[in-house]
Protein chains: 2
Amino acid sequence: MVSAILRLMADTPGPAEPSLEEQIAAYQREFQGLDPQVERVVSALSRLNRRMNVAYGRQTAELGISNAEWEVLKALVLAGEPYRLGPGDLARRLGLTPAAMTHRIDRMVAEGLVTRERDESNRVRVIVGITEEGRAKWLEGLRMATVFEEELLQDLSGDERTQLGAMLTRLLRRVEEAQPDAGGRLTDLD
Amino acid sequence: MVSAILRLMADTPGPAEPSLEEQIAAYQREFQGLDPQVERVVSALSRLNRRMNVAYGRQTAELGISNAEWEVLKALVLAGEPYRLGPGDLARRLGLTPAAMTHRIDRMVAEGLVTRERDESNRVRVIVGITEEGRAKWLEGLRMATVFEEELLQDLSGDERTQLGAMLTRLLRRVEEAQPDAGGRLTDLD
DNA sequence: GCTTCGAAGTTTAGGTCTGAAGTCTTCAAG
DNA sequence: CTTGAAGACTTCAGACCTAAACTTCGAAGC
């Protein structure tokens, strides 16, 4: 209860986001029967993700592109040879609507990151390919990301990293079973 | 009449999102020198978060509100007595701009989830409070979330949950040090 | 060959967010 | 007083997304 007194006395400081532990304490106060163990895992996951996306956003901004655009480049590269996909396929991989994909491709073509052409053998289809510049920006973004990610995990030993990866994979498998439909209408990096 | 046969033939193996392991393999192929251990942790984190947000979104949709609105209710409840905050404070806690907060509060007032009044002692300030209905929806949303979260973690033993929480907390601390400024311009739950 | 259906993209209308430019209130100094 | 500066919120313009209507092409049935 010291904090209450201190807070009364130091009333002016800018009210920031509560810390993870403060938030868990508040949850306990407002809702008995909440497992703090579970809450810590879930809230930490969410906060971590927010911070990671902020970091990625700053990095891609240095390249003059957005996270969203980097995601498109990544999907094209990871698709492998010949590094071309249709808008519909891209939309499914990124978890957004075909309409959004159309707009995004518009912008990226204008910026010289990708190309758009009609499929000659089936003129309804469109093919999106990556340009040299797009590929270069993808690579540079990836380089920056790996530096950040290594820094993020630097406190964890090799064994711990393995354990963490295994546990997260288990959780992921469980939600994927519960959500067989391609869930993912949210902008996010991975 | 023919629909049964048509459905059997209509295989439509629509190209979906690559699995986590496929993605890691593709990364290795396109960029030597990437640590698969690190990549697995980071990608699993991101995918998990996406799935969790989809799940939360479905739950809040059942209540007739959005994730974003539920977040506001949560911030008000977790603030504690008297469950009132200014728009600026709310915006800082949720990680969005004051402009967005104004709009969000507009909608929520119209829906009867929160109240908005001017502070009599300082007429520049505005005070947002939670209504009975808002509080009820927060509680119901939390109940649904805890069921989902318990299900998500059901494969992990108590020890594993503790370990996982501890490791994630360590990662979080590290990014928070690297990003001392309140990072968080992204919609997300926690 | 024509017609109809379905698939792939695009267009349009509307919602929510950001960043920048107001508006209004308070406070301190002249 | 009154004037200027700072703070809190709102308004405005622009970006990007979703849902739904539309356009076009290709394929199957008659």
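In this structure, B:Arg93 CZ and B:Glu71 CD are separated by 12.5 Å, a value rounded to the nearest 0.5 Å. A:Thr102 OG1 to A:Leu96 CG: the interatomic distance, rounded to the nearest 0.5 Å, is 10.5 Å. The line from CZ of A:Arg47 to CG of B:Asn49 is 12.5 Å long, rounded to the nearest 0.5 Å. Put simply, CE on A:Met52 and CZ on A:Arg50 are 13.5 Å apart, with the number rounded to the nearest 0.5 Å.
Atom-to-atom, CD of A:Glu111 to C1' of D:dC16 comes out at 13 Å; the value is rounded to the nearest Å. Rounded to whole angstrom, the span from the CG atom of B:Leu90 across to the C1' atom of D:dT10 amounts to 16 Å. Per the geometry, CG belonging to B:Asn67 stands 16 Å off C1' belonging to D:dC17, to the nearest Å. Following rounding to the nearest Å, B:Met108 (CE) and C:dG15 (P) show an atom-to-atom distance of 18 Å. If you measure from atom CD1 of B:Ile65 to atom C1' of C:dT16, you get 16 Å, rounded to the nearest angstrom. The separation between A:Met101 atom CE and D:dC17 atom P is 9 Å, rounded to whole Å. In this entry the distance linking CZ of A:Arg116 with C1' of C:dA8 reads 13 Å, nearest Å. Rounding to whole angstrom units, CD1 of residue B:Ile105 and P of C:dG15 are separated by 19 Å.
A heavy atom closer than 4.0 Å to some atom of DNA chain C occurs in B:Asn122, B:Arg123, B:Val124, these being the qualifying members of residues 117-131 of chain B.
Under the 4.0 Å criterion applied to side-chain N and carboxylate O atoms, B:Arg40 and A:Glu149 are not assigned as salt-bridge partners. Ion pairing of B:Arg84 with B:Glu117 is present here, as a side-chain N (NZ or NE/NH1/NH2) and a carboxylate O approach within less than 4.0 Å.
Taking for each of B:His103 and A:Asp106 the nucleotide of DNA chain C with the nearest heavy atom, the 5'-most of the two is the partner of A:Asp106.
Minimum atom distance to the side chain of A:Thr102 is reached by C:dG9, of the listed D:dT10, C:dC17, C:dG9. Of the candidate nucleotides D:dC17, D:dT11, C:dG9, D:dC17 has the atom nearest to the side chain of A:Ala68. Considering only the side chain of B:Pro87, D:dC9 comes nearest among D:dC17, D:dT11, D:dC9.
Residue A:Pro98 is classed as a base contact, given a heavy-atom separation below 4.0 Å to a base.
Residues satisfying the side-chain hydrogen bond (donor to acceptor under 3.5 Å, both in side chains) test with B:Arg125, not counting sequence neighbours, are none.
Distances shown here put a side-chain N or O of B:Arg107 below 4.0 Å from the OP1 or OP2 atom of C:dC17. Here B:Arg104 does not reach the OP1 or OP2 of D:dT10: none of its side-chain N or O atoms lies under 4.0 Å away.
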